[in-house]
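Just the heavy atoms: all of them, side chains too, but no hydrogens, waters or symmetry mates, feed the values below.
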Amino acid sequence: MSIKTHISALIQLASADDDLADKERELIFLIGESGGLSHKQIEELLENPLDLNIPDSLSDDDRFELLYNVVQLMKIDNEVFLSEIKFCEEVAEKLGFSRKVISELSANIYSDPAITSDRTLLRQKAMKYKK
């Protein structure tokens, strides 16, 4: 999956509650820039996000990374809306996971991106929900 598709999924989630919070925007830029996108490219994606197309060839690591990022983004503004949960569950299904993986990850991913979770352990937990 391209970084642009990854960022587009995050943008769609951040927009699910019709309010792109500053913290959500900051995390989108942080992830996008660490993935090699320019500030301008991210701005363009904010204006016109790509459709979420998950290639069958996507590795389990990439699937988990997107899942981790959508849950982190959902929690970053300390407000979790039903529309955001439903979007995350839809992304989980598109990635080949059960919807239940979202509640499992959500319980273990912090809203502050500076606090890192044990990704190896979370990946192992998430893989139990893979279809």
(request) Flag the pair Lys94 / Arg63 as yes when at least one side-chain heavy-atom distance between them is below 4.5 Å, and no otherwise. (result) no
(message) Which heavy atom of Cys88 sits nearest to which heavy atom of Val70, and what is that distance?
(response) SG-O, 3.8 Å
Please report, to 0.1 Å, the donor-acceptor pairs under 3.5 Å made by any side chain of residues 124-131, with sequence neighbours excluded.
residue, atom, partner, partner atom, Å
Tyr129, OH, Glu104, OE1, 3.2
Lys130, NZ, Asp60, OD1, 3.0

List the atom pairs, with distances to 0.1 Å, where a side-chain N or O of residues 26-36 and a protein N or O form a donor-acceptor pair under 3.5 Å, not counting sequence neighbours.
residue, atom, partner, partner atom, Å
Ser34, OG, Leu30, O, 3.2
Ser34, OG, Ile31, O, 2.9

(request) To the nearest 0.5 angstrom, please state how far the CZ atom of Arg25 sits from the CD1 atom of Ile42. (result) 9.5 Å
(request) Could I get the full list of salt bridge (Lys or Arg N to Asp or Glu O under 4.0 Å) partners for Glu65, not counting sequence neighbours? (result) Arg119
(message) For Asp51, give me all partners under side chain to side chain contact (heavy atoms under 4.5 Å, CB included), at least two apart in sequence or on another chain.
(response) Asn53
(request) May I ask you to test the Glu24-Leu10 pair for a side-chain heavy-atom distance under 4.5 Å? (result) no
(message) Can you list everything that forms a side chain to side chain contact (heavy atoms under 4.5 Å, CB included) with Ser57? Sequence neighbours excluded, please.
(response) Pro55
(message) With a 4.5 Å cut-off on side-chain heavy atoms, are Leu20 and Ile11 touching?
(response) no
(message) Please find the pair of heavy atoms, one from Tyr68 and one from Ile109, that lie closest to each other, and give the distance.
(response) CD1-CD1, 3.5 Å
(request) Any chance you could measure Ile3, atom CD1, to Gln41, atom CD, to the nearest 0.5 Å? (result) 10.5 Å
(request) Kindly write out the residues that satisfy salt bridge (Lys or Arg N to Asp or Glu O under 4.0 Å) with Arg123, not counting sequence neighbours, or none if the list is empty. (result) Asp61
(message) Holding to side chain to side chain contact (heavy atoms under 4.5 Å, CB included), I want the full list of residues that pass it with Ser106, two or more places apart in sequence or in another chain.
(response) Val71, Met74, Lys75
(message) Restricting to salt bridge (Lys or Arg N to Asp or Glu O under 4.0 Å), what partner residues turn up for Arg99, sequence neighbours left out?
(response) Glu89, Glu93
(message) Here's a test for you: under side-chain contact (heavy atoms from CB on, under 4.5 Å), which of Val91, Leu73, Leu52 qualifies with Leu13?
(response) Leu73
(request) Check whether any side-chain heavy atom of Asn108 sits under 4.5 Å from a side-chain heavy atom of Asp118, and report yes or no. (result) no
(request) List in chain and number order the residues that pass side chain to side chain contact (heavy atoms under 4.5 Å, CB included) with Lys23, two or more places apart in sequence or in another chain; answer none if no residue qualifies. (result) Ile76, Asn78
(message) With a 4.5 Å cut-off on side-chain heavy atoms, are Leu95 and Leu58 touching?
(response) yes
(request) Kindly determine whether Ile54 and Leu66 satisfy side-chain contact (heavy atoms from CB on, under 4.5 Å), including the steps that lead there. (result) CA-CA 11 Å; Ile54 310 292; Leu66 179 56; 4.3 Å; yes
(message) So, taking the atom named CD in Gln12 and the one named CG in Leu50, what distance separates them when rounded to the nearest 0.5 Å?
(response) 8.5 Å
(message) Test: ring pair (Phe, Tyr, Trp, His ring centres under 6.0 Å). Region: residues 69-107. Which pairs qualify, not counting sequence neighbours?
(response) none
(request) Looking only at non-hydrogen atoms, find the nearest pair between Ala92 and Ser98 and report the distance. (result) CB-O, 4.1 Å
(request) Sequence neighbours left out, what pairs pass side chain to side chain donor-acceptor pair (under 3.5 Å) with at least one residue falling in residues 1-11? (result) Ser2-Thr5, His6-Asn69
